[in-house]
Each structure stands twice: as C-alpha cells, then as structure tokens.
Amino acid sequence: MGSCKNCKSKNLNVDTVTGNLECSSCGVVQDFDNYEQQTFNADGIIGTNVRLGTSGSRYDYSYHETKIYLAQKVVSDILYKLDLENRADEVNNMIKIITEEEYGSGNWFNVLVGACIYVVMRKANKWLPLTSVCETVGCDNYELGRMVYRVIDHLDLKLPDFDIVGLFDRVMKELLGGKGNIGKDKIGRMVKQGIFLIQCMIKWYVTTGRRPVPVVVAVIVFVCQLNDVVDVDFEDLASQLNVVVATCKLRYNELLKKLVEVARIRLPWGNDVNVKNIMKNAPIVIQYMEMKSMSNPTNKTKNLEEVGADLDGLVNDCLNKDGQYFVQDFEFDDNNNNNNDKSRGSIDWEVEDLEKLNISPECLSTIYLKYLNEYSEMKSSMATLENRNEKRSERYDFLMDGLEYWSGDSELSKKLFLDKILEKDVGLNAMPKSFIDGCLKIQKRKRKIKAAKIRIEKIRRPPIEENGLDDESGQSGQSQEFVKTQTNSRKRKRKVKKVDIDWEDFVIETLLLHEVKEEEIEKGFLKVSNSSTCPCQQR
C-alpha cells in the first residue's frame with residue numbers, strides 16, 4: 001500500500017461504499033485504482049443495465065412504453081390543472097381510440113387532450129369554458145375548436161346543445177351562495193328572474209349566433225342591479241368566466257334595448273322610456289311580460305255586444321221536437337232550388353228565414369230564456385273582470401314599492417324547450433338582427449343598382465344637341481351655341497352635388513356590364529371572375 005499523495009502518510013483506509021482509498025490524517029481521496037474490466041461476448045455486454053427510460057431491447061422500458069408513460073403524465077397534469085381528475089378514465093379511453101393506443105408527444109398532443117376533455121364535459125352536460133382549456137393547454141380558441149371538430153367527426157359523436165339556462169343557474173347559485181347577506185328566498189327569486197329573461201332573449205333571437213357565456217354575464221349583472229345587489233360588476237364576473245368584458249356589455253345593452261321596445265309598445269308613458277331610465281321602469285315591464293306570458297292567446301274575451309244565442313242549435317232542436325210546425329214550402333224558393341242548408345245548420349240566419357219557420361211558442365220561449373242566461377253570465381263575468389282590474393290598480397303602487405312585482409308563476413321561469421319558448425307571448429315579437437341587417441343591405445344594393453344603371457345609360461346614350469339652321473335668324477346651330485355659352489358664362493354657376501361612389505358601386509357597374517343577374521348582385525355576390533370579359537369589349 002502506498003502513501004498519501006498530499007501528506008505522505010501511510011495511514012490509508014478503504015471506503016466501504018465507494019471502495020476508494022482515503023487518508024486518515026488529512027482526508028484526501030487518493031487516485032482511482034479500482035477499475036473493473038467489462039466482459040463482452042457476441043451479443044454485447046454481459047450483465048443487466050439498471051438505467052431506466054433508455055431505448056434498447058434489454059432495458060426495463062422501451063421507447064414505446066416510455067412514450068406512453070410521458071403521454072399519460074401529460075394527461076394527468078392537464079386534468080389536475082382543470083380540477084377534473086375524476087374524468088381521467090373517460091379521457092384516456094377517448095385518446096386511446098383516436099390514437100389507436102399510440103398516444104403521442106408534442107404541442108399537438110396537448111391540444112388533443114384539451115379537446116377530448118372538452119368533449120367529455122359536453123357529453124355529460126357539464127359546463128367548461130373553452131378559454132380556460134386554451135389557457136391550460138397553451139393554444140388559442142381557433143386551434144382548439146378545430147381539434148374539437150376533428151374529434152367529434154372522427155368518433156361520430158353528436159354533442160347536446162349548449163345549456164345556457166343550466167349554466168346561468170349554476171353560476172348564479174355559486175356566485176350568491178357564498179354571500180351571507182342574501183337569503184335563499186331572494187336567491188331563488190333572482191334565479192327565476194334570470195331564467196325568465198334568458199328565455200325571453202332566446203325568443204328575441206339575441207342569443208342566435210352569439211357566444212352564450214357573455215349573455216349569462218349580462219343577465220346576472222342586470223338581475224343583481226334589479227334586486228339591489230351592488231357587489232357584482234362586469235370585470236370580476238367576466239374574469240371568473242374567462243370572457244371579454246366588452247362583449248358582455250354589448251349583450252347587456254341589447255337586453256336593455258329590448259326592454260325599452262316592450263315599454264314603448266305597451267306602457268302609456270313608453271315614449272319617455274329610454275336606455276338610461278329603463279332600470280326604474282324594469283319592474284313594471286317585467287311584471288307585464290310575466291302576466292302576458294301566462295295569458296292564453298287562444299281564449300279571447302267576448303264583448304257584451306257580441307253575445308247572442310246559438311240560433312242554429314236552438315232552431316234544430318225545435319224542429320226535431322216539434323216537427324209538425326215545420327213548413328214544407330221552406331225547403332224550396334221561388335225557383336224551386338233546395339234551401340236545406342239553413343235547416344242543416346247554416347250560421348247566416350235572417351229574420352225572413354225565421355219567419356218562414358212556423359215554430360211553436362214553447363220553442364220561442366226556450367230561445368229567449370237561453371239568450372237571457374247567456375247574456376247574464378257574460379255580464380257577470382265582465383263585472384268580475386272589471387273588479388279584479390280595479391283591485392289590481394289599487395294594489396299597483398304597493399307592489400311597485402315592494403318586491404311582489406314578481407310572482408314566478410310563469411312557465412318561462414323554468415327551463416323550456418325551444419318550441420315552447422317561441423309559442424309564448426311576452427309582448428314583443430322581434431326578428432333576428434342578422435335577418436334585419438340582411439334586408440337593409442339588400443335594399444341598399446337595390447338603390448345602388450338603380451343608380452348604376454342610370455350612370456351606364458348616360459354614358460351609352462348621351463343627350464343629342466340639335467344642329468342646323470334657324471329659319472328666322474339664319475344663324476347656324478354652332479353660332480347659336482357660341483352665343484349661349486357667352487351668356488351662360490356671365491351667369492353664376494350653380495354648385496353640383498357630388499355623388500358619393502365607393503368601391504361597391506364600381507363593382508356593381510362591372511357586374512351589370514357583365515350581364516350578371518340583379519338577384520345575385522342583391523344577395524351580395526360581388527365578385528368578378530378574372531377570365532370573364534366585358535360584353536362591350538368583345539364587340
């Protein structure tokens with residue numbers, strides 16, 4: 001055994017763990033001298049390498065197994081960030097089917113995991129914001145949306161419609177449930193009011209083609225303002241739901257405008273209602289809309305002037321009972337034409353027709369008594385209705401001071417199917433905004449087409465000036481024109497209005513010259529093919 005290379009001491013000890021020599025005096029590790037030669041044969045190294053995660057046939061993990069392990073780790077990490085670890089089996093099974101148990105790696109695989117998570121939640125009718133998935137995965141909405149479409153198309157799935165009412169119910173209860181100063185009754189009333197307004201917006205086509213989450217934010221803010229819950233604003237709620245604040249405010253303004261339209265149509269002072277003061281009139285408008293939705297449009301109230309006896313039924317009953325009073329001549333008129341239509345139940349009875357019937361006095365008294373009964377019943381029902389209206393008008397001021405303007409008995413306060421929502425009447429039947437804008441654009445293009453035709457016709461057929469000799473003066477047409485130009489030059493020139501012509505007018509002129517149908521131009525197909533040539537150039 002040698003000496004220490006530092007202090008030349010011969011007190012060297014062997015480390016039991018590493019097998020290296022260490023000096024007991026100074027503690028310096030001596031040079032490595034425990035090299036063991038590796039043994040090889042025709043198949044390679046003899047022995048087992050214990051390193052993990054390296055490719056090779058004799059290692060514990062192959063490349064395929066390592067890829068699967070890393071991919072499953074990515075799936076579990078994304079589910080953990082979204083707090084959806086209980087959906088791991090469903091997501092893994094969907095990924096196995098799509099990738100044929102090959103999984104993958106890279107940014108595209110993260111997007112695929114996010115799309116599968118979103119599809120699983122939509123299948124379970126659970127709300128999951130697309131923006132939150134994008135933030136977790138690290139992509140934009142368009143990339144994730146395309147991947148969702150590919151997943152649905154590959155698996156041949158049909159996702160249920162987005163439940164905007166369920167989303168509002170859950171968000172509203174989670175938002176107000178943690179506030180101790182709001183009772184359960186008030187929360188339930190606010191939830192019913194919000195569901196009523198959301199389904200009214202569905203009927204008014206405000207949600208058509210729009211993202212549903214900003215609509216939910218707008219209704220929540222409106223309902224909270226209506227019930228004096230002041231600690232809810234757009235910024236906080238939009239950040240919680242991962243939506244743009246500006247979009248939520250646009251939906252909020254559209255809701256206010258629709259309520260203003262209802263007020264202007266139905267309220268006596270509706271002309272004074274605008275977007276700024278609609279919150280003061282909102283309880284009255286919502287009360288009217290709720291009562292209107294509970295009314296049955298098929299049942300029309302009769303006026304007292306419309307009350308009358310059913311002469312068809314009464315006369316037929318009398319004829320069946322007292323057939324001996326039926327005059328046979330009534331069946332034929334002067335031209336021997338059969339008139340049995342009236343005896344069989346015609347509704348156009350006249351006095352002359354009744355005089356032809358020889359009805360017994362008992363039948364006449366029956367007709368009169370039935371008429372009196374129907375008239376008295378209708379009069380009593382009208383009186384009851386007037387009394388109810390008087391009581392309601394007496395209670396009106398009291399109801400507006402309290403919170404009883406909302407009863408919550410309307411069916412629109414509960415989740416309904418689309419066909420049932422469209423059947424309800426809430427005092428306003430609005431058309432989709434896109435349809436109205438399309439009609440206005442068509443009318444605008446019609447005016448542009450008409451103006452383009454006039455411009456084209458002026459160029460093709462300019463006004464013709466008369467040339468020749470004047471019999472009285474003997475002057476030629478050119479000399480007369482020269483005199484006119486001198487006299488007109490002395491006069492003050494009038495300003496000609498400039499016609500605003502934009503690029504669409506030039507395109508419409510080109511299309512008209514190419515003999516394109518006006519119906520296609522009105523629809524907005526403003527595109528000219530490069531290969532096409534103008535007919536006038538061909539000539």
_Distance check, rounded to the nearest 0.5 Å: Asn141 atom CG versus Glu135 atom CD?_
9.0 Å
*Should Asp437 and Lys441 count as an ion pair when the cut-off is N to O under 4.0 Å?*
no
*asked:* Please report the interatomic distance CD(Glu504) to CZ(Arg445), rounded to the nearest 0.5 Å.
replied: 5.5 Å
*Are any of the side-chain heavy atoms of Gln193 and Phe222 separated by less than 4.5 Å?*
no
*asked:* Whether Asp185 and Arg189 form a salt bridge (side-chain N of Lys/Arg under 4.0 Å from carboxylate O of Asp/Glu) is what I want to check.
replied: no
*Neighbour count >12 (heavy atoms, 6.0 Å) for atom CD, Glu100*: no
*Please say whether more than 12 non-hydrogen atoms of neighbouring residues, nucleotides or ligands are located less than 6.0 Å from CZ in Arg211.*
no
*asked:* Any heavy-atom pair between the side chains of Tyr103 and Ile95 that's under 4.5 Å?
replied: yes
*asked:* Looking only at the side chains, is there a donor atom on one of Tyr142 and Arg146 sitting less than 3.5 Å from an acceptor on the other?
replied: no
_Lys446 and Glu518 ion-paired at < 4.0 Å_ = no
*is_close_aromatic(Phe435, Tyr205), centroid dist under 6.0 Å*: no
*asked:* Between Lys415 and Asp163 (salt bridge meaning N to carboxylate O under 4.0 Å), is one present in this structure?
replied: yes
*Measure from the side-chain N and O atoms of Thr131 to the backbone N and O of Asn242, and report whether any donor-acceptor pair falls under 3.5 Å.*
yes
*For side chain to side chain donor-acceptor pair (under 3.5 Å), just list the numbers for Trp204 and Asn429, CA-CA rounded to whole Å, side-chain angles, deciding distance to a tenth of an Å, and then say yes or no.*
CA-CA 7 Å; Trp204 294 332; Asn429 293 323; over 6 Å; no
*asked:* Are Arg87 and Lys126 packed together at the side-chain level, in the sense that at least one heavy-atom pair is separated by less than 4.5 angstrom?
replied: yes
_Within this structure, what is the CG-OG distance for the pair Leu128 and Ser132, rounded to the nearest 0.5 Å?_
4.5 Å
_Cys224 side chain reached by Met172 side chain, heavy atoms, under 4.5 Å_ = yes
*Within-4.5 Å side-chain heavy-atom neighbours: Met201 and Val215*: yes
*asked:* Nearest 0.5 angstrom please: Leu130 CG to Asp140 CG, how far?
replied: 10.0 Å
*Is it true that atom CG of Asp161 has more than 12 heavy atoms of other residues, nucleotides or ligands lying nearer than 6.0 Å?*
no
*asked:* Side chains of Ile117 and Val75, heavy atoms from C-beta outward: is any pair under 4.5 Å?
replied: no
*Atom NZ of Lys192 with >12 non-hydrogen neighbours under 6.0 angstrom*: no
*Should Glu520 and Lys517 count as an ion pair when the cut-off is N to O under 4.0 Å?*
no
*Should the heavy atoms of other residues, nucleotides or ligands under 6.0 Å from CZ of Arg150 be counted, would the total exceed 12?*
no
*asked:* Within the structure provided, determine whether Ile278 and Lys257 are in side-chain contact (heavy-atom separation under 4.5 Å).
replied: no
*Check step by step if salt bridge (charged side-chain N to carboxylate O under 4.0 Å, His left out) holds for Glu254 and Lys249.*
CA-CA 9 Å; Glu254 289 178 357; Lys249 291 183 179 180; over 6 Å; no
_Measuring from atom CZ of Phe109 to atom CG of Leu70, what distance do you get when rounded to the nearest 0.5 angstrom?_
10.0 Å
*Indicate yes or no: at least one non-hydrogen side-chain atom of Leu197 is less than 4.5 angstrom from one of Leu412.*
no
*Is Lys420 paired with Glu411 through a side-chain N to carboxylate O contact shorter than 4.0 Å?*
no
*Where do Val137 and Gly114 come nearest, in terms of heavy atoms and distance?*
CG2-CA, 3.8 Å
*Identify the two heavy atoms, one from Lys280 and one from Pro283, that lie closest to each other, and give their separation to 0.1 Å.*
O-CD, 3.8 Å
*More than 12 foreign heavy atoms under 6.0 Å from CG of Asp83: is that the case here?*
no
*Rounded to the nearest 0.5 Å, what separation is found between the NZ atom of Lys448 and the CG atom of Asp505?*
3.5 Å
